[in-house]
Q: 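Dropping a structure here in structure tokens format, bear with me for questions.
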Amino acid sequence: MIKSYDFIYRRLLEYYGPQGWWPADSDFKMMIGSILVQNTNWKNAEKALENLKHYLQPEVMHQLAEEKLAHLIRPSGYYNMKAKKIKAFLYWYKKYDYRLSLLKFREKNELRKELLNIYGIGNETADVILLYAMEKPVFIADNYARRIFRRLGYNVPHGYDRFREMVERALPEETSLFNEYHALLVAHGKTHCKAAPICEGCPLLDVCEQRF
DNA sequence: GTCCTGTCCA
DNA sequence: TGGACCGGAC
């Protein structure tokens, strides 16, 4: 079927190529990065991560005073809030002895509920952690995805989980697929399908209902 | 000046 | 639902 979620995926992959998001480095760094990047561009989140390079182990980072932590992550913006969020995450993670292996085997909806209970972790960050650290097949139903599919002509549900479940039902449950799909949608949302869209040269132009 | 891989709280 | 949080790149 033309314009299926799978078709869009293949088009984007062909055009942008594999994005290679977050398999490298450590799971811990990935999870901290997911908080730092909230409503911030990745370049600034990266600067903050670079400042944290001597503290990228949970036990070590938890020793940092919140004020010191806030100072180090300054480049990522919202640094006071994000320091608080990282601390909250570490308090939660400590219950599991900072061992992702104790969490990974658990059921994804159960894990999502638990992540959402942590201060500073909302729908997107919870799912990003589920997908990129815990390797669960989850569709990140973020604003990029919403904007792109709506413009393409999909009837996108209002609620985050409704939208996520709709896409998940339409695709095979493969973590690598969701991993790449999210990265491709972000790439597309930053390159062509921006808030102010650049439709010239868009790889989806022929199947898009919203042409500017 | 605008935008950025959001979330919390009233 | 709207405001607060916030620096850096363009």
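Residue numbers begin at 1 in each chain, while the letters A, B, ... track the order of the sequences. The model shown is predicted, which means the values in this text are computed figures rather than measured ones.
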Q: Using whole Å, what does the distance between atom C1' of nucleotide C/dA4 and atom CG of A/N80 come to?
A: 12 Å
Q: Counting the atoms with a prime plus P, OP1 and OP2 as sugar-phosphate, which does A/S76 contact under 4.0 Å by heavy atoms, base, sugar-phosphate, or nothing?
A: nothing
Q: Looking at C/dG7, which nucleotide sits across from it as a Watson-Crick or G-U wobble partner, both distances under 3.5 angstrom, or is there none?
A: B/dC4
Q: Would you mind telling me which of B/dT7, B/dC9, C/dA9 lies closest to the side-chain atoms of A/Y119?
A: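 My answer, after comparing the listed nucleotides, is B/dC9.
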Q: Do the side-chain N or O atoms of A/Y144 get closer than 4.0 angstrom to the phosphate oxygens (OP1, OP2) of B/dT5?
A: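 Checking A/Y144 against B/dT5: at least one side-chain N or O falls below 4.0 Å of OP1 or OP2.
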Q: Is it possible for you to say whether A/M31 and A/Y78 belong to one hydrophobic cluster, with membership spreading through side-chain heavy-atom contacts below 4.5 Å?
A: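 Not linked; separate clusters.
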Q: Report which part of the nucleic acid A/G77 touches: base, sugar-phosphate, or nothing (heavy-atom distance under 4.0 Å, all strands).
A: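 A/G77: base contact, heavy atoms under 4.0 Å.
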Q: Looking at A/K190, does any N or O in its side chain come under 4.0 Å of the phosphate oxygens OP1/OP2 on B/dT5?
A: yes
Q: Starting from P on B/dC3, measure out to OH on A/Y78 and report it in whole angstrom.
A: 13 Å
Q: From CG of A/N117 over to C1' of B/dT7, roughly how many Å is that when rounded to an integer?
A: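 In whole Å, B/dT7 C1' lies 14 Å from A/N117 CG.
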Q: Students often get this wrong, so: under 4.0 angstrom with heavy atoms, is A/K194 touching a base, only sugar-phosphate, or nothing?
A: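 Answer is nothing: A/K194 stays at 4.0 Å or more from every strand.
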Q: Kindly state each residue pair satisfying side chain to side chain donor-acceptor pair (under 3.5 Å) with at least one member in residues 61-70 of chain A, sequence neighbours excluded.
A: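 Non-adjacent pairs meeting side chain to side chain donor-acceptor pair (under 3.5 Å): A/Y55-A/K68, A/H62-A/Y98.
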Q: Side chain to side chain contact (heavy atoms under 4.5 Å, CB included) between A/K190 and A/Y144: does it pass, once the steps are laid out?
A: CA-CA 9 Å; A/K190 282 163 59 170; A/Y144 279 137; 3.3 Å; yes
Q: With A/Y5 as reference, evaluate A/F139, A/F149, A/F163 under the ring-ring contact (aromatic ring centres under 6.0 Å, His included) test and give the passing residue.
A: A/F149
Q: On DNA chain B, does the nearest nucleotide to A/I121 precede the nearest nucleotide to A/T40 from the 5' side, or the other way round? Give the residue.
A: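 Comparing both residues, the 5'-ward one is A/T40.
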Q: Nearest whole angstrom, please: distance from the P of C/dC5 to the CD1 of A/I35.
A: 20 Å
Q: Using purine N1 to pyrimidine N3 plus N6-O4 or O6-N4 for Watson-Crick, or N1-O2 and O6-N3 for G-U wobble, both under 3.5 Å, which nucleotide pairs with B/dC9?
A: C/dG2
Q: Nearest to the side chain of A/Q38 - B/dT7, B/dT5, C/dC6?
A: B/dT7
Q: DNA chain B: A/N41 or A/E124, which has the more 5' nearest nucleotide?
A: A/N41
Q: Closest to the A/V37 side chain: C/dC6, B/dT5, C/dG8?
A: B/dT5
Q: Looking only at side-chain N and O atoms, does A/N123 come under 4.0 Å of OP1 or OP2 in B/dG6?
A: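 Looking at the OP1 and OP2 atoms of B/dG6, neither is under 4.0 Å from any side-chain N or O of A/N123.
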Q: If I take atom CZ in residue A/F139 and atom P in nucleotide B/dT5, what distance separates them, rounded to the nearest angstrom?
A: 16 Å
Q: Closer than 4.0 angstrom, basic N to acidic O: yes or no for A/K113 and A/E110?
A: no
Q: Heavy atoms only, 4.0 Å cut-off, all strands: where does A/I118 land among base, sugar-phosphate and nothing?
A: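 The residue A/I118 makes sugar-phosphate contact but no base contact.
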Q: On a whole-Å scale, what distance lies between the C1' atoms belonging to C/dT1 and B/dC4?
A: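 About 22 Å, rounded to a whole number of Å.
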Q: At less than 4.0 Å, is any side-chain N or O atom of A/K47 found next to OP1 or OP2 of C/dA9? Yes or no.
A: yes
Q: Rounding to an integer number of Å, can you tell me how far A/K85 NZ sits from B/dC8 C1'?
A: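 Atom NZ in A/K85 sits about 7 Å away from atom C1' in B/dC8.
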Q: Which whole-number value in Å describes the distance from A/I140 CD1 to B/dG6 P?
A: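 So the two atoms are 12 Å apart, to the nearest Å.
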Q: What interatomic distance, in whole Å, is found between P of B/dT7 and the corresponding atom of C/dG8?
A: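 It comes out at 22 Å once rounded to the nearest Å.
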Q: Under the salt bridge (charged side-chain N to carboxylate O under 4.0 Å, His left out) criterion, do A/E50 and A/K47 qualify, and how do the steps go?
A: CA-CA 5 Å; A/E50 173 63 20; A/K47 284 180 195 296; over 6 Å; no
Q: Quantified in whole Å, what is the P atom distance between nucleotide B/dC9 and nucleotide C/dC6?
A: 14 Å
Q: Check the distance between B/dC4's P and A/N44's CG and give it to me in whole angstrom.
A: 13 Å
